[in-house]
Chemist: 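Below: one structure in structure tokens.
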Amino acid sequence: MLQTLINAFKVKDIRRKVGMMLLLLLVFRIGCYIPVPGLDRENFSSLFDGSDTSNTFLTLMSSITGGALANGTLFALGIGPYINASIIMQLLCVGIPPLERLSKQGEEGRKKISQYTRYLTILLAVIQSVGIIVNFANSQDAVQTALFFDQTWLAGLFMTIVYTSGALLVMWLGERITDYGVGNGQSMIIFVGILSTAGQLIVQKIGQVFDDINVIWELVFFVLVCVILFFAIIYVDLSERKVPVQYAKQIKGRKMYGGQSSVIPIRISGSGVMPLIFAFSIISFPQMLTSMFWPGSAFDNFLTNWFSGSATNAVGRVIYSVFLCLLIFGFSFFYAQMQFNPEDISKSIQQNGGFIQGIRPGKATEAYLKKISNRITLFGAIYLSLIAFIPSIMFAWASYDLVNVFSTTGILIVVSVAMEFEKQLQAQMMMKNYKGFLK
């Protein structure tokens, strides 16, 4: 990847795109430090840190924003509302026929769906803003109502407008990175946010070296754990099952077409981090609701003690882990069906005169592809279930202070975005070579 970056910076156009992307990402990071008037940052952070949110959806959202959510700054929501809106629209396009037809209408249809996604982003940003304010800013120490004529509702309305505007600005920055930079802008914003959070925690740990020299060994062990985890994730992420397809020869007029061999690649981790994000968000949703509207209630204490990753009761942690694994398995198979449709692929192969050796075209090919997809998805679900727990355990062995440097989904996101960024750079350089050849 380092060699790819060196070669890319030798090309003027790519260098300009990377520079524009870095400039827009810098604007995003500056917005993560802009305070909101009327909010005491220190008290807000203490409210967030007071609860052990390890391995929860809320921790993931905070890491994605580079700690802006924990500090309650302008970009506290980050790119989260837009990502959630995009996921919801993808699911609706599968389940609602009018949206499905719209998604197949080419560029015009995609523009309309993008517009609907923006509207949904605004709605989700407002809902999440209200949730953050109710959850964290109910404390009189956190919200300085004196700036709003001692009216709590006025302070809440102001912060809702600010946080929603910040989320829309982040969405705009992501779209501009996609248009003028390299790769997907939303993915790069998430990537930078996670690395920023990790960098802050690592710098704090390095600062402890001056007080205790043994901290160096904890950092060395942490780096070794990171190298092992990243290598294993990249190895599995690049793994795929290739199904060979043979196309028959066809004579049309004086030309002969077909007669070639091809493959259908089926990746083990084809669904990426989506099953993890869905699972963490759903399993954390009841506790988020109770902490927002009924804090300290009997039901809230029950969920904290018996159904959370930080439960003081060992049985509660086991129940939480079992339900999380079941959700990961369910969403893995659900998302795999969205990404890989054996029926459509079977029809496409048959229409183009192709066949899988030893398998009859039509229903037999569809059943064969479905069987392979289910087996690979099973291994992918087991892999994601292990990823959900192993990193935090291994980081705890290195140092308990470094447990939350990379969340479980954060590691997968960093690897996926880095690999996709490298592919985009290679594609850009290849296009430049083709243009030079044509000239």
Chemist: I264 and F340: which non-hydrogen atoms are nearest, and at how many Å?
Modeler: CG2-CE1, 4.0 Å
Chemist: Considering all heavy atoms of both residues, which atom of F75 and which atom of C32 are nearest to each other, and what is their separation?
Modeler: CD1-N, 3.8 Å
Chemist: Between S196 and R29, is the side chain to side chain donor-acceptor pair (under 3.5 Å) condition met? List the steps.
Modeler: CA-CA 9 Å; S196 300; R29 288 304 302 157; 3.3 Å; yes
Chemist: Does the side chain of Y116 come within less than 4.5 Å of L102's, by heavy atoms?
Modeler: yes
Chemist: Any side-chain heavy atom of Q246 sitting closer than 4.5 Å to one from I356?
Modeler: no
Chemist: Would a distance-only check, ignoring hydrogens and angles, find a side-chain to backbone donor-acceptor pair under 3.5 Å from T117 to S86?
Modeler: no
Chemist: Of F331, F333, F334, which meets side chain to side chain contact (heavy atoms under 4.5 Å, CB included) against P275?
Modeler: F331
Chemist: Drop me the distance from L154's CG to M159's CE, to the nearest 0.5 angstrom.
Modeler: 10.0 Å
Chemist: Dump the intermediate steps for salt bridge (charged side-chain N to carboxylate O under 4.0 Å, His left out) on R176 and D179, then the final yes or no.
Modeler: CA-CA 5 Å; R176 298 292 75 75; D179 295 338; 2.7 Å; yes
Chemist: How far apart are the C-alpha atoms of I79 and F28, what are their side-chain angles, what is the distance that settles it, and do they pass the side chain to side chain contact (heavy atoms under 4.5 Å, CB included) test?
Modeler: CA-CA 10 Å; I79 198 67; F28 165 70; over 6 Å; no
Chemist: Using side chain to side chain contact (heavy atoms under 4.5 Å, CB included) as the criterion, point out the one residue from N184, L25, V417 that pairs with I189.
Modeler: L25
Chemist: Report yes if some heavy atom in the side chain of M188 is under 4.5 Å from a heavy atom in the side chain of V182; otherwise report no.
Modeler: no
Chemist: When rounded to the nearest 0.5 angstrom, what distance separates CG in N341 from OG in S346?
Modeler: 10.0 Å
Chemist: Quick check: closest heavy atoms across P342 and L369, and the distance to 0.1 Å?
Modeler: CB-CB, 4.0 Å
Chemist: Are any of the side-chain heavy atoms of V170 and Y82 separated by less than 4.5 Å?
Modeler: no
Chemist: Would you call R118 and E175 a salt bridge, using N to O less than 4.0 angstrom?
Modeler: yes
Chemist: Roughly how far, to the nearest 0.5 Å, is the CD1 atom of I88 from the CD1 atom of I83?
Modeler: 11.5 Å
Chemist: Which value, rounded to the nearest 0.5 Å, describes the distance between D237 atom CG and I234 atom CD1?
Modeler: 8.0 Å
Chemist: What heavy-atom pair brings A336 and T377 nearest, and what distance separates the two atoms?
Modeler: CB-OG1, 3.5 Å
Chemist: Considering all heavy atoms of both residues, which atom of A125 and which atom of L77 are nearest to each other, and what is their separation?
Modeler: O-CD1, 3.6 Å
Chemist: More than 12 heavy atoms of other residues, nucleotides or ligands under 6.0 Å from CZ of R360: yes or no?
Modeler: no
Chemist: Do V36 and F158 come within less than 4.5 Å of each other through their side chains, counting heavy atoms only?
Modeler: yes
Chemist: Take L378 and N374, measure what side chain to side chain contact (heavy atoms under 4.5 Å, CB included) needs, and give me the verdict at the end.
Modeler: CA-CA 6 Å; L378 175 63; N374 289 337; over 6 Å; no
Chemist: Go through it in stages, so that I can follow the logic: the residues are T160 and V126, the test is side chain to side chain contact (heavy atoms under 4.5 Å, CB included), and I'd like the CA-CA distance, side-chain angles, deciding distance and then a yes or no.
Modeler: CA-CA 6 Å; T160 300; V126 171; 4.2 Å; yes
Chemist: With heavy-atom distances below 4.5 Å as the criterion, would you say the side chains of I194 and I190 are in contact?
Modeler: yes
Chemist: Using 0.5 Å steps for rounding, measure from the OH atom of Y383 to the OG atom of S239.
Modeler: 9.0 Å
Chemist: Might you work through the side chain to side chain contact (heavy atoms under 4.5 Å, CB included) test for V245 and I349, ending with a clear yes or no?
Modeler: CA-CA 8 Å; V245 179; I349 293 174; 4.0 Å; yes
Chemist: Counting neighbours of CD on Q357 that are heavy atoms of other residues, nucleotides or ligands and sit closer than 6.0 Å, is the number greater than 12?
Modeler: no
Chemist: Please examine the side chains of L238 and M419, heavy atoms only from C-beta on, and report whether any two atoms are closer than 4.5 Å.
Modeler: yes
Chemist: Taking the side chain as every heavy atom from C-beta outward, state whether E422 and L425 have any pair of such atoms under 4.5 Å apart.
Modeler: no
Chemist: Would you call K370 and E366 a salt bridge, using N to O less than 4.0 angstrom?
Modeler: no
Chemist: Working to the nearest 0.5 Å, report the span between CG of L120 and CD1 of I113.
Modeler: 12.5 Å
Chemist: For M21 and G181, which heavy atoms make the closest approach, and how far apart are they?
Modeler: CB-CA, 4.2 Å
